[in-house]
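One structure below.
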Number of protein chains: 2
Amino acid sequence: MEISLLRAYLDLAGTCHFARSSERLHLSPSTLSRMIQRIEQQAGARLFERNNRQVSLTRAGESFHRYAVSTLQAWEALQVELHTRGSRVQGEVSLYCSVTASHRLLDSLVSRLRLRHPELELKLHTGDQAQSLQRLLAGEEDTVIAARPQDLPAGVEFQLLARSRLVFITARQSAQNTAGYHASVASPAYFDWARTPLILAESGLARRHVQAWLRQHKIRADIYAQVSGHEAIVSMVALGCGVAAVPELVLDASPVRDSIQSLDNWPALPDFEIGLCTLSNRLREPMIEAVWNAARD
Amino acid sequence: MEISLLRAYLDLAGTCHFARSSERLHLSPSTLSRMIQRIEQQAGARLFERNNRQVSLTRAGESFHRYAVSTLQAWEALQVELHTRGSRVQGEVSLYCSVTASHRLLDSLVSRLRLRHPELELKLHTGDQAQSLQRLLAGEEDTVIAARPQDLPAGVEFQLLARSRLVFITARQSAQNTAGYHASVASPAYFDWARTPLILAESGLARRHVQAWLRQHKIRADIYAQVSGHEAIVSMVALGCGVAAVPELVLDASPVRDSIQSLDNWPALPDFEIGLCTLSNRLREPMIEAVWNAARD
DNA sequence: CGCTATATTGCATAAAACGGAATGCTTATG
DNA sequence: CATAAGCATTCCGTTTTATGCAATATAGCG
């Protein structure tokens, strides 16, 4: 019985609502549904009484709840036992990442780290993701989350955490908003580049990808502003300032994603590979190694 | 943390020997090795100190051992709790299968059944696997393990437990044994069918497959004997009585497999699909349903 | 200095899990 | 009473993960 299944079970037992739980757990409803089916299968009993409208625990489900809680506690106790005794990793480690990454990528890392090394204090710095490798190389950060460039600087270790498409976005053309500008969004060839500015990142991988893309498609665009940080770019696009390319991950997490549309039928940009980075020669340091290992799995 | 991983861990902790444990667990050494790596990964600590010659528990491994034992106990207690309270399934169910199936396919089924329904008494009958569906239809057995025929009789439920190739076998041509008969085993076309008898099952799917195969390849073979039960056929082949086709599963489990060689380069026969069968209209009976569900997963 | 025993890795394949879209049931609403 | 909206589930194509076989590597033994 997988730990993640127990967590899912307990969450669902709390909410009694698949859609809500699946959101809290960052899973699709279908996945959660089948996770529960798998649990019931392995337990050999129906744990939730449910139809399409109501969800509740069965008698067997209550037994399972006790089991799940105690098993999860035992697991967490083990983590503490294994990781406080031997190494006693303590001190501070800094981690630099974008606001988005801090939401979507870090929760499992951080929770595992707190369990394994309660004495280790993680100093989280957020900012423009494009800066991250520079900050790492400059020694300003111990670890960073960055998009992997075509060729990684020598001496930098990279551990993949997530992939994300890089997508073009514009403001959603709502009834109210139509006045702003009318762009054919079917293809970049028909797009009115003269009238619609391109919002370009100040630096970083996204900037380079977009520039290469413009060259390849022989498009000359007005560059409206050079902004730092994908989150800020998303905000500007939402306000109707122009078109831009950002990682889908940032878009998904954005509070203004409803007023944005992504131009999926445009020719694709390369994917972003987002991961944890640190300097190779510091990977032996216990604190950094602890962060590194917590990120794996 | 998967139950099966805990079981593997505990077994290895007992033997301190990958090869031996992997055999006991019916796994390949490489699989076991990677299972342990996965456990260590998830635990975030090295649990076995090992080189290519010696295996021993680390300090962390001992902690994990305590955790594994208690977690496994909690799991089994849950099984008992879930399955004794509600249904109280008691009585006798008969299960007919071959000797081979009883070794290789039944252990997980039986152990789960004893855990879930200690009051249920399984009456195990072994015999020729080819008889099983007849016995089921005749009402002589409640459940059987059988190879799935091209078309399943109406009213019979089938649940796949394992796939197995159907392979031709002859006696291994050892130095001592060469005198017996010299057959080119490279291909059935060059095989000396006139001098080497074919041992054919008295009935059942294997018999039909082989007969079709002979027709297709236009081979007329002497039929030396018609034997019932694949295990008996294997014994006869091992004694040098001729050539035959049996499911690989039977071969693997045979005590005389060392004096047998399989003719893998011969044109293939259809695979065997081996599974649990019962009558559809009896699937609601609690005892039969219990067996059925215990077989799943 | 091979030789054997044995844990591990590379690689190809098989199985499982996942997300998005479609489905179907159930309650709310006009 | 008909229609809509909400929600768990299933279908399906894709990605990820696990597995076994064969090859590799290494330690101990004669």
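In what follows, every chain begins at residue 1, and chains take the letters A, B, ... in the order their sequences are listed.
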**Item:** Sequence neighbours excluded, every pair satisfying salt bridge (Lys or Arg N to Asp or Glu O under 4.0 Å) that has a member inside residues 32-47 of chain B
**Value:** B:E40-B:R50
**Message:** Across nucleotides 14-19 of chain C, 5' to 3', mark each nucleotide with B, S or - according to how protein heavy atoms within less than 4.0 Å reach it.
**Reply:** ---SBB
**Asked** What one-letter contact string describes nucleotides 22-30 of chain C from 5' to 3', where B marks a base within less than 4.0 Å of any protein heavy atom, S marks contact via sugar-phosphate atoms alone, and - marks no contact?
**Response** --BBSS---
**Asked** Looking at residues at least two apart in the chain, or sitting in another chain, which of them share a side chain to side chain contact (heavy atoms under 4.5 Å, CB included) with A:A206?
**Response** A:L166, A:H230, A:F272
**Nucleotides bounding contact with chain A, strand DNA chain D, heavy-atom threshold 4.0 Å** = D:dG6 to D:dC12
**Item:** Partners meeting side chain to side chain contact (heavy atoms under 4.5 Å, CB included) with B:I260 (sequence neighbours left out)
**Value:** B:I169, B:V234, B:V237, B:A238, B:L251
**Message:** Can you pull out every ring pair (Phe, Tyr, Trp, His ring centres under 6.0 Å) where at least one residue sits in residues 15-50 of chain B? Sequence neighbours excluded, please.
**Reply:** B:Y9-B:F48
**Prompt:** Taking it one step at a time, do B:T15 and B:V55 satisfy side chain to side chain contact (heavy atoms under 4.5 Å, CB included)?
**Reply:** CA-CA 9 Å; B:T15 66; B:V55 176; over 6 Å; no
**Prompt:** To the nearest angstrom, how far is B:I36 atom CD1 from C:dA7 atom P?
**Reply:** 11 Å
**Asked** Step by step, would you call A:L269 with A:V167 a side chain to side chain contact (heavy atoms under 4.5 Å, CB included)?
**Response** CA-CA 7 Å; A:L269 291 159; A:V167 294; over 6 Å; no
**Request:** For B:T31, check side chain to side chain contact (heavy atoms under 4.5 Å, CB included) against everything at least two apart and list the hits.
**Result:** B:L27, B:S28, B:M35
**Asked** Which residues satisfy the ring-ring contact (aromatic ring centres under 6.0 Å, His included) test with A:Y67, sequence neighbours excluded?
**Response** A:F64, B:W75
**Prompt:** Donor-acceptor pair, B:T71 side chain versus B:A68 backbone, under 3.5 Å?
**Reply:** no
**Message:** Under 4.0 Å, heavy atom to any atom of DNA chain C: which of residues 8-22 of chain B qualify?
**Reply:** B:H17, B:F18, B:A19
**Asked** If you look only at pairs with a residue in residues 8-27 of chain B, which of them pass as a salt bridge (Lys or Arg N to Asp or Glu O under 4.0 Å), with sequence neighbours excluded?
**Response** B:D11-B:R24
**Prompt:** Quick one: does B:E231's side chain get under 4.5 Å of B:V250's, heavy atoms only?
**Reply:** yes
**Message:** Could you work out, with side chain to side chain contact (heavy atoms under 4.5 Å, CB included) as the rule, every residue matching A:R53, not counting sequence neighbours?
**Reply:** A:N51
